[in-house]
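Structure record follows, encoded as structure tokens.
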Amino acid sequence: MTTKCSPSSVLFFNLSCLCFKTQNFNRPLRARSTLSCSPSRRLHSCSDADSLVSFLILALSQCSSASHCEAVHSRVVKSVSYRHGFIGDQLVSKYAEVGCEGHAGKLFDEIPEKDLVSWNSLISGFSRKGCLAKCLYAFHRMRNETLMNPNEVTLLSVISSCADVKALDEGRSIHGLSERLGMLTEVKVVNSLINMYGKCAKLGAACQLFEIMPVRSLVSWNSMIAVYAENESPTEGIDCFKLMRRNGIQPDDATLVALLQACESVGSIRLVESVHCVICRHGFYGRMLIVTALLDLYAKTGRLDASHQVFLEIRNPDSIAWTAMLAGYAAHGYGLEAVTLFKLMVKKGMKPDRVTFTHLLNACGHAGLVEEGKRYFRTMFGLYGVETTLDHYSCMVDLLGRSGSLKDAYELIRSMPMEPNSGVWGALLGACRIYRNAELGKLAAEHLINMDPSDARNYIVLSNIYSVVGLWKEASEIRALMKENCLARLPGCSYIEHGNKIHQFVVGDQSHPLSRGIYTKLTELIGKIRKAGLAPKTEFILHDVDEELKEDMINEHCEKLAISFGILVTNPGRTLIIRKNLRICGDCHSFAKIISLIEKRTIIIRDPKRFHHFTDGICSCADYW
DNA sequence: GTAGGGTTAG
């Protein structure tokens, strides 16, 4: 156990170390800019006050909390003016950075003769903390109270804030201002605007800016590829990458990461493999950022084996890489393996964080490891110093609810120190569906519908809960409400990659060129199942299948069509990987299990939340989902 | 040119 010190003792320890250094080398931080001055000037600049300020600036750079900043602040007040060594500006910036927006604003007001850098300290401080409202307020104040024009730093801070919170209107007006100020010649400003439009789902505006840029930097290309990938245009993103290469531009880390994002949207394993080759060819395989993105991507496209292989090849995986691997196991339903990996990573001295615990709790919940999950939840702060967030509460509500403790799940929500979000209520609603609890289900669904009245899924789940417990009137009222609001269920869709193409199927789909063969194969498979006396369970209503769906349509569900197609066109024994836009229904889940047994095939189905691995008649989720 | 710097993994 290490000795605990208070933050201020750490600061003073640091202060004394720094003091020792500056005394020894007699070269204060700010003197960097005076090194090229004449010797007499340099001597002059090394006054006592200057040394003290340099020393305080260095101390300030190490501050990580309000109390650290306050300690430095009080020294400044006692000994020097805020403008000396511009320390006031830096204090403002630091206060904003550590989350003391109030202190930052108050101190800012005390600074005499504010220049552009003073304003930028305040604006960029808020921007880095993600406080768009404060950032914009400061920006407008600067525009109204002074005659100063924003420079590149100001614009970048404000634009990136707009991007973070997807503030399109503000973003557009800053775009207009940048144009009026003639700042659209600045590559960084335009790159930032491209990113902002991308985050606001305005692909057209981003493309237009990219097209008219007089000079494009590597970041411009990277940003454009990322914008395509994020806006459902992954193939355009990949074309953009090819164009960039044709222009003789060498990719860097960010390029590869953007490219990997594009691959994920396409959902093509072949493409991921080819980017894997690009990564190796360009010597990026040793870069943690990229290999982590790669291992994550393999896991997300269903190739947990390849993902694990990449992980094994990383020389010294950091805690993010460990977490990515753990997340892969969790998503694929391998809860025990995820827990084992967690223990190993702690043993190796890695520090688990907020994200690690989210995936760990998720893994416990999906594997029925209720006691382990509870224990990790209880000890994550005390043992690992990780603060509990909304995501952790969602995982715990899911874990408790899924194991049948609906009351405990609800009590946990009531005991939360913060306002529950849609993830938390969604987890409770999901559990109510499994255990047919109309009372709590109604409560959860009402919260969810209030939060987002346009999300059809919540109405459907509630209506299905009502139907299954026989509350037909309530069920039809919900349906009527949906019609009133013009909401419709998203049609189910399955995708499978074969021969350089992604093949898509909807319920009862007959549009595929091999449609006849697919249906013949499907009939044959159903026949085999019947002959073996393994008729699938018909209880599918528990999972969110539209109750109005005619029963004979079950046999034409898109998952079954995709499986039949896969078996028809691939060699015996080949693993089938299928993607779905909705959760798999219970009937198709049983179908996939039996087919994996009688056809001796591994079938992997990815729904929006997780994977199901079907082998020898068993699913990795152990029917617990 | 003190601020802080466009894209960037779990």
Side-chain angles (χ1 to χ4, degrees), chain A residues 29-30 32-33 53-54 57 60-61 82-94 96-97 111 114-125 127-128 150-157 159-160 163 183 186-196 198-199 206 209-210 213 216-227 229-230 244 251-261 264 279 284 287-297 299-300 307 310-311 314 317-331 345 350 352-360:
Chain A
L29 182 72
R30 205 168 71 85
R32 233 190 300 157
S33 55
V53 166
S54 318
I57 288 173
L60 193 60
S61 71
Y82 284 136
R83 291 246 54 95
H84 195 118
F86 313 102
I87 194 162
D89 298 340
Q90 297 182 52
L91 257 171
V92 166
S93 177
K94 200 69 191 184
E97 192 186 310
I111 293 178
K114 301 172 188 64
D115 61 8
L116 184 58
V117 176
S118 313
W119 285 97
N120 282 348
S121 300
L122 190 70
I123 293 168
S124 67
S127 160
R128 269 175 293 145
N151 68 359
E152 199 183 28
V153 176
T154 331
L155 291 174
L156 292 176
S157 294
I159 297 168
S160 86
M183 295 293 274
E186 298 295 329
V187 183
K188 288 180 185 178
V189 173
V190 182
N191 290 342
S192 192
L193 285 168
I194 289 175
N195 177 46
M196 184 276 295
K199 292 281 184 309
L209 276 169
F210 184 75
M213 284 180 91
R216 290 179 194 140
S217 66
L218 173 60
V219 179
S220 316
W221 288 95
N222 292 350
S223 303
M224 203 56 232
I225 297 169
V227 167
E230 288 163 7
M244 166 187 155
D252 71 352
D253 295 33
T255 321
L256 271 302
V257 170
L259 201 56
L260 288 169
Q261 276 176 353
E264 198 208 329
I279 290 170
F284 284 122
R287 303 282 259 274
M288 199 66 81
L289 196 93
I290 295 175
V291 281
T292 306
L294 181 67
L295 92 82
D296 174 52
L297 192 61
K300 282 185 177 150
S307 172
V310 173
F311 180 70
I314 304 177
D318 62 6
S319 74
I320 298 184
W322 279 90
T323 301
M325 194 65 250
L326 195 155
Y329 278 122
M345 88 178 257
M350 296 292 142
D353 66 6
R354 174 179 60 81
V355 186
T356 319
F357 275 99
T358 305
H359 293 295
L360 179 65

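Being a predicted model, the structure only gives us computed values, none of them experimental. Chain letters run A, B, ... following the sequence lines, proteins first and then strands; every chain starts at 1.
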(request) Please report, rounded to the nearest Å, how far the P atom of B/dT7 is from the CE atom of A/Met213. (result) 13 Å
(message) Using a 4.0 Å heavy-atom cut-off, does A/Ser217 contact any base of the nucleic acid, only the sugar-phosphate backbone, or nothing at all?
(response) base
(request) Remember a base hit wins even if backbone is also touched, and classify A/Ser223 as base, sugar-phosphate or nothing at under 4.0 Å, heavy atoms. (result) sugar-phosphate
(request) Find the distance A/Leu193:CG to B/dT7:P and express it as a whole number of Å. (result) 11 Å
(request) Tell me what A/Met288 touches on the nucleic acid: a base, only sugar-phosphate, or nothing, going by heavy atoms under 4.0 Å. (result) base
(request) Provide, to the nearest angstrom, the distance between the CG atom belonging to A/Leu289 and the P atom belonging to B/dT7. (result) 14 Å
(message) At 4.0 Å (heavy atoms only), tell me whether A/Thr356 reaches a base, stays on the sugar-phosphate, or touches nothing.
(response) base
(message) So, under a plain 3.5 Å distance rule, would you say the side chain of A/Asp353 forms a donor-acceptor pair with the base of B/dG10?
(response) yes
(request) Measure from the side-chain heavy atoms of A/Asp115 and tell me the nearest of B/dG5, B/dT7, B/dT2. (result) B/dT2
(message) Over all strands shown, is A/Lys94 touching base, sugar-phosphate only, or nothing at heavy-atom distances under 4.0 angstrom?
(response) nothing
(message) Which residues pass the side chain to side chain contact (heavy atoms under 4.5 Å, CB included) test with A/Asn195, not counting sequence neighbours?
(response) A/Ala163, A/Lys199
(request) To the nearest Å, give me how far apart CD1 (A/Ile194) and C1' (B/dT8) are. (result) 16 Å
(request) Rounded to the nearest 0.5 Å, what's the gap from CG on A/Leu260 to CG on A/Leu294? Could you check? (result) 6.0 Å
(request) Return the nearest nucleotide to the side chain of A/Val257; candidates are B/dG10, B/dT8, B/dG5. (result) B/dT8
(message) Between B/dG10 and A/Thr323, counting only base atoms on the nucleotide and side-chain atoms on the residue, is there a donor-acceptor pair under 3.5 Å?
(response) yes
(request) Give one of base, sugar-phosphate or nothing for A/Val153, where a contact means two heavy atoms less than 4.0 Å apart. (result) base
(request) Kindly determine whether A/Thr356 and A/Thr323 satisfy side chain to side chain donor-acceptor pair (under 3.5 Å), including the steps that lead there. (result) CA-CA 5 Å; A/Thr356 319; A/Thr323 301; 3.0 Å; yes
(request) Keeping to residues at least two apart or across chains, list the side-chain hydrogen bond (donor to acceptor under 3.5 Å, both in side chains) pairs with something in residues 218-227 of chain A. (result) A/Asn191-A/Ser220, A/Ser217-A/Ser220, A/Asn222-A/Asp252, A/Asn222-A/Thr255
(message) What is the distance, to the nearest angstrom, from the CG atom on A/Leu156 to the P atom on B/dG6?
(response) 7 Å
(message) Rounded to whole Å, please give me the gap between CG in A/Asp253 and P in B/dG6.
(response) 15 Å
(message) Between the base of B/dG5 and the side chain of A/Ser160, is one N or O donor paired with an acceptor at under 3.5 angstrom?
(response) no
(message) Please give the distance between the C1' atoms of B/dG10 and B/dG6 as a whole number of Å.
(response) 24 Å
(message) Around atom CZ of A/Arg354, are there more than 12 heavy atoms from other residues, nucleotides or ligands closer than 6.0 Å?
(response) no
(request) Ignoring the backbone of A/Arg128, work out which of B/dG5, B/dT7, B/dG10 is nearest its side chain. (result) B/dG5
(message) Working to the nearest 0.5 angstrom, can you tell me the gap between A/Lys94 NZ and A/Asp89 CG?
(response) 14.5 Å
(message) Output the rounded distance in Å from CG (A/Asp89) to P (B/dT2).
(response) 11 Å
(message) Distance check needed: B/dG5 P versus A/Glu186 CD, whole Å only.
(response) 16 Å
